Every structure is written in structure tokens, then in C-alpha cells.
Amino acid sequence: MNYLLHSFHFQVKQIMEEAVTRKFVHEDSSHIIALCGMVEICLLHMLKRRASGFLRTDKIAALFTKVGKTYDVASEICRKVQELLQQVEGRQASTTNKPSSLSPQAIKHIWVRTALIERVLDKIVQYLVDNNSKYYEREALLADPVFGPILACLLVGPCALDYTKLKTADHFWTDPSADELVQRHRIHGTHSRQDSPSKRPALGIRKRHSSGSTSEDRFAASARDYVESLHQNSRTHLLYGKNNVLVQPKDDMEAIPGYLSLHQSSDSLTLKWTPNQLMNGNLGDSELEKSIYWDYALIVPFSQIVCIHCHQQPDQGGTLVLVSQDGIQRPPLHFPPGGHLLAFLSCLENGLLPRGQLEPPLWSQQGKGKVFPKLRKRNSYNRSMDMEEMPSVMETATDYVFRIIYPGHRHENSKDFYSSGFTDLVVGRINVFDACVLNIALFPNRTPLKLLCESMKRQIVSRAFYGWLAYCRHLSTVRTHLSALVNHSIIPPDKPMSAAEGLSKEFWSKYQKDKKNYKELELLRRVYYGGVQHDIRKEVWPFLLGHYKFGMNKKEMELVDGDIVRRYQKVMSEWKACEVVVKLREKESQTATKFSSGSSIDSHVQRLIHRDSTISNDVRQNWGNNGLFMTCGLQFPAWLAQEFWELKNCFKMNGHLKSCHSSKIRHNRQYPPLFSNRFITSLCIFQIEMLDTVALNLHRIDKDVQRCDRNYWYFTAENLEKLRNIMCSYVWEHLEVGYVQGMCDLLAPLMVILDKDELAYSCFTHLMKRMSQNFPNGGAMDTHFANMRSLIQILDSELFELMHQNGDYTHFYFCYRWFLLDFKRELLYEDVFTVWEVIWAAKHISSEHFVLFIALALVESYREIIRDNNMDFTDIIKFFNEMAEHHNAQEILKIARDLVCKVQTLIENK
């Protein structure tokens, strides 16, 4: 409940921040959608399920409708929502195909959104709080005597805002769809720069060469975006903000005031200082572009800072100097009087945690917050002074040097000047060398030339050493890790044009007639570079998946098919017979449930006796002249009836199995072994948990089969039943693993192409030898993620760094569905066929791990969009979800093949 209220408070804060920075909120703002979604979660928390109407699919609609019956404000909202929905339906039915004025997200949250825009959402929520007993359980958020009223009060602010429908480009505060981002990239892709601009560009970059009004407007919009980024937003937290902090950009000019802010993202800390002239809006757009103040703005990542020098002047505030890893000092920041310097350091120290810290740390005093540590300095120093005389000249320190350290992490420049020479100074142990070092840092004009040269020498050597070390690590990764991901022999297409055509029907016919002159490698090469012609996929796929071996003649293939047919029938009969027992147990369970609800013991026993005799009579009556009997819709040989009945009797006596042995049952009769010893033994020896496992898997399969590719033309009711039979047969043979959601997705394309149950069953079994390792019982998924991390570090370090900085999603969890289903849900059905057969052929041509390179190709194909929009983990998941079935499969495969070749070349030239 606390978490819900905290999340709700955050969304309210976001939308109020937007209102403050823009003076209005656009109706399509992503903050509105986020707030509406959070309101819905709170409204649905512990809603009475049995209340009238709440069992509807759209519970929010049911709630508003029910409240509207007794509350006029809610009734008016219901009327307006119905009008909006009718407009949407009218537009969709119209032949003119006019787009709806409401976005899909707005329609999804239309009830709460309409109440918010009409400024009555707070009143409706307050009504629900006041009358919570009618709608909510006692533990609900809105029923809480403290949290409920707080929730309603928090909505007063958003309900007092102005909401606009203006459509100018800079009035939107929403994330564009994936399709829009791709279209933008196509339009502007030819003009993209080679550098890596962030979503809100650094102020140090001035656009001097643009002269048209369009350029000025675009630049002004970028400026506004930057100024808005200085406030609290969804990407970063504002830890500190202070206006009128002075900075002297150049020696020959006076210090100018500006806005100092400290921002924290998921893994970085950034200081920004912006001149007031850029903040107050007095400059026009054209003046803004030409303003020299853009050159003075500061953006300083604290990952580059190693030392902070603090100087305090009585009644004049304090001055702060940041020193970077290369020894360069940033312009001093002059804080006004009043403890602002200490407040900034306190926020900085909190922002560095838990990864980093200040050394020495600020001291905490009860009731006073953070204070400067009590260090001492020598006011005057005389070499001839006795040690006994020194304490008399000690005073409380007013100047401090803080070092930023990261415990457990050794910085790449940890051997440089500041991390060694300043150590003693920081802890207050000042000696002659320390005094000299302090003099160098604070008064560079008085620095002895020799010491400066020594410092530069150390830095140069340090940078060279760590650069060489990084290169060695790079080569080590290539040699040891990436070399295992690709085949070391590069097999290019023999004739690029012919290989790109793929495996054609004509070439396949030549191979079938003359297998000696057409080698397997040539076939696989054609598949890898061009796929398989659709007309011959049914013939080729069994070879690619291992059902047949290349070079087999027709007679050998018929033998393989015969074995599979017999095996499939045997497995089918086993699990179907077990399914009969499962259904009988379920009927018994249902009978027992009815009995427990009020019937007597005697009547229950009588029903069981009658049921058993009825089933026995049904079995006997169904014996036919052909020696077959029917039960539960299944047909079995007549001689099996008694055996099946004896097996069923093993499942009596309070639901526990009696001990019986298949050999004993089989020994007393002469009949062909339709059921394997494994099946009979399973029914007889395993405990009741085994049947529970079968029942659980059958229910899971039934649930997934009904929704598997139901919009694809092939999957009629008859073919869905075949899919179920194949899946149940596979799971019966792998009951220790069982059915996992997603297996039906892997089987479905095989059925579409092969269109033969036994063949699809065999090919699916071969496919699962690799794919089963991706499911939770296997360990391949973590390996895929680790390999992706190594690949992108070597092949695209810039993109890796961007992914690392924006919340660090280099864990690549967004690729989970890609690997689990071999990209089946990312591509159109026809493209899935091509991608799969290329993956199967790649094992022999280029890489057994070709799926990694397809995944990397998907990321690389949109790298500019990812980079230009500064995507974080949430953005990239949303982007690829929306791009599903919109990818250019041929382009993705081409990029993947090029990436494999690139790694092979790196290994060859190591």
C-alpha cells in the first residue's frame, strides 16, 4: 500500500513539474497516461469482486457506471465517455478512414483521463473514499482512513491544471511511437552526424551556420528542452538547485550569475551550470542562437572528477573548484553566503552513494545535519620551529580538499598525480611536499616548471599504460571468448549472385538426381546466404533439422519414416491411455466435491459402485467383432480391456496406488505389446504425483494450443487438434521437463511447412535439442546474455557505452523473447521460415550461435534511433515491442552475416 501511494505521488509530481515548466499540459502528454494508469491501479486495489457489475472485463468502466447511479458528477463523466467512444467507433467504421482524435493509450484509459481533463477526478475519488464500504474491501487503499484521503487530496493539483489540444511541434510532452521514430530516421538519416548527441544537447555546441527561421525555431526548441531538463523529470532526479551561483568564464570578464543544479540518473551524477540569461527567457530566438552565453554553460559528469577544492571566505560564501582526472580545473563556482556550499556538498555526498563517497566524509551532528570535518592546518610554517611550538599555530581549517573515491573500484587513472600526492593532504597531514602540491593546484601561475613537467610525465605514462592494458584486454576477449562463438573458417558465397538466390527448386532437383556431385556444404551455403524456395521447404527442412541425413537414398528415408510412424503411434497410445486415467480421477474428484457439499457417505459409496459397474459394462458392451473396444472416445484392442481395467484398479483405496507389476500383468496373457513397459510401470509404480504432473501439463497445453497463432489461416480446429497431439506426445517423452509456455510457438511453423503429424513430431524433437536449453530448466539464456555483452563491447563500443550510461541495460534482458522463440514473434510468419532455415544452416557455415548475431543485428539496425533518442531500458522494450512484425528480415540477416564475418576476421588477424 505504501508503494502504491509512493508511485502515485511520483506521477503527480511529474505532471505538476510539466505544468510548471510549460505553463500548461498537453492532452497527449505521456505524464497524463502514466498518471491515469496509476490512478486505475489504485482504484482497482481490493475492489469488491462480488459487487454488482465488477465482474465485467473493464472493471474501471463498471466502477464509474456504478458510481454514476448515485453521484451526478460521475454520471456526467459516463455520458461524455459514451459520446467519445461513439465518435471513435464512428471514425473506425467510416470509409474515409479519418484518424481518431484519441490515441490508443488515451482510449485505454478513457474513463480516468476524461474525468481528469474535466477536472472532476479528485471529486469522484473523494466520493469513493467517503463511501468505500460499498465498493472496497477493508484492506483497500481507498478504504484506509489515512491513505485514502491523501490520495484524493493529491489529485486536487492535477485537476486544477489547464489542458491543451494545441498541435504545434513543441507543445507535445510525449514519447513518439516506434513507427514515428523509424520514419523520422528515414527522413533525416542522410544528414545524421557521426558524433553522439544526447536527447538534450550539450550547451557548449553552437549552431552558427543556420540562418533560416526553421533552424532558429528548431534551435530554440532544443534550448527550451534543455532548460526543462534542468527540472525534475522522468529520466533524472534533481538533487540540488541554486540560482545566482557566480562563475567567471574568462579571466578578462566579471563573474556572471547562473543556475547550478545536480542531477542523478540510475548510474551517473552530473553537475550543470546555466547562465541566468539563458533561463529567464528575455532573449529572442534569433538572439538565443547567437548568444555567447551558450559557450559559458557547464555540464560536468562527476565520473570525470577526482578532487574538489573548497575555499571559504568569511561573510562572502564559498568557492568550489572541480579538478578532473587529467588535472584540468573547471571554472570556480562562487556560492552566495548562507551555508549553500555545505548544502551542495551534502547533496553531492548523498548522490555518490552507494557506489562512491567523499574522502574525508562530511560529519553528521545531531540536530545540525552535515558539517565540515574538523581538520587543522598550519597557519605559518618555519623549518626552524620546534615540534613543541607547532600546536600553538594550529587553527581550524577553512579550506578543504575532498577526494571522490569508489570503494572496491580502482580507477583507470588511479596512479595519477591527484590520487597519490593528495592523499596525505586530504586527511589533514600536511607536510612540505603537500604544501607545494596545494600551491600547484590552487595557484597554477606560480607552479615551478619542473614539478609541472613531472606531473605531465606521470599522466602521459599512466594514460599510455592503461590504454595498452585496455587493448590487451580487448585482444584477450577476442581470442578466448569470441573465438568460441564463430567457426574459424570463413565460407563466403562461391558466386555471390547464385548463392544469394538461395536453394532453388531447380538446384534441389539436381541434387536429388546426382548427390555425389552436389555436396552437402554447397546446399547449406545456399541456404545460409539466400534461404530455401518455399515450394521445396517441406522436402528440405527434414534434412536441415536432422530427421534425414544428407546423402540418404529413398529406401533409407522410408525406413526412417516407418520408424517414426511406429514410435509416434506408440507414444500417442501411451499418453492417451494415461489421459483416460486422468479424466477418471477428475470425475472422481468432482464426485467427491459434490459429496462433501452435503450428500451422505452411504449415497456416495453407492454412486461409486454404480459408476464402476457402469464403466465395466460400457467397456464390455463396446467390444466389437473387430476385436476393438471404445472408452472415453479412445479405441483400443479388445484384449486390452481387462488389462486396462486392472491398471485402473491400481488407483483405488483413498487415491493411492497399490503395488503392481507390469511383468505380472503381461505374463498371464498373450498379446502384442501395444503399451511399453515404461508406461505400464509408470501407471503401477509411480505415486499419485505422476498423474498430477500429467494432468497439469495437459491443462497447460490445452490453454496454449487454443491461442496459438489463431489468426493464421492454417490453424483450423482440426489442425489445432493435431498440434495438441504432437505437443502432448513430446511432453510425455520429456515429462521431467514438462510443457513450458512457448513450445507451441516453436511447433506451429513446423506444422505449417511439413503438414504431416509424424514428420512434424520428429523435426520438433530435433529442434528442441537446442531450444529446450533456453527454457527455465536449461542454462543457455544467461550464456546468451553474457555473449551479447561481449559481442557489443567489441563490435560497437559506442552503443555499449550508451546502454551502460542510460540505466545500464547491458544485461540484455530485452532479448529474452528473441532467444526463447528464435525471433518467431518479432517477424512476419513468412519471414520466420527464412530466418529459421538460415539459423539451422549457419551451424555448419559460420556459427553455431548465429542467433546472437541476429539479435545484435536487430539492435544495430536501429542504433541511430536508439542513440539519438537516448533510450533507456523501458524505452528499448517499448520500441521493440511496437516494432514486432515490422522488421526487414532480409536486411537483418545481411547485417547478422556481416557481423559474423567481422568477428571471424578479428580472430584471423589476432
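Treat the numbers as computed from the prediction; the structure is a model and nothing was measured.
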Taking 4.0 angstrom as the limit, do [X] and [Y] come out as a salt bridge?
X    : Y    : answer
R817 : E826 : yes
R525 : E522 : yes
K902 : E860 : no
D898 : K894 : yes

Backbone N/O of [Y] and side chain of [X]: donor-acceptor pair under 3.5 Å:
X    : Y    : answer
S847 : L485 : yes
H488 : S483 : yes
Q706 : K703 : no
R567 : S762 : no
Q533 : K505 : yes
D822 : K824 : no
H886 : A884 : yes

Looking at every non-hydrogen atom in both residues, tell me the closest pair between [X] and [Y] and how far apart they are.
X    : Y    : value
S846 : V900 : CB-CG1, 3.6 Å
G738 : M743 : O-CE, 3.5 Å
Y739 : N697 : N-OD1, 2.6 Å
Y529 : P492 : OH-CA, 3.3 Å
A896 : F850 : CB-CZ, 3.7 Å
L754 : A760 : CD1-CA, 3.8 Å

Result block: side-chain N/O donor-acceptor pairs under 3.5 angstrom for residues 837-845, not counting sequence neighbours:
unit_1	atom_1	unit_2	atom_2	d
E837	OE1	R537	NE	3.1
E837	OE1	W541	NE1	2.8
E837	OE2	V532	N	2.8
E837	OE2	R537	NE	3.3
E837	OE2	R537	NH2	3.0

Please determine, by modelled atom types, if Y714 and D709 share a side-chain donor-acceptor pair under 3.5 angstrom.
no

Decide if the gap between the ring center of [X] and the ring center of [Y] is smaller than 6.0 angstrom.
X    : Y    : answer
F550 : F543 : yes
F507 : Y511 : no
Y816 : F814 : no

Across all chains, not counting sequence neighbours, the side-chain hydrogen bond (donor to acceptor under 3.5 Å, both in side chains) partners of Y548 are D561

Not counting sequence neighbours, list each pair that qualifies as a ring pair (Phe, Tyr, Trp, His ring centres under 6.0 Å) and has a residue in residues 745-768.
Y568-Y761, Y730-F764

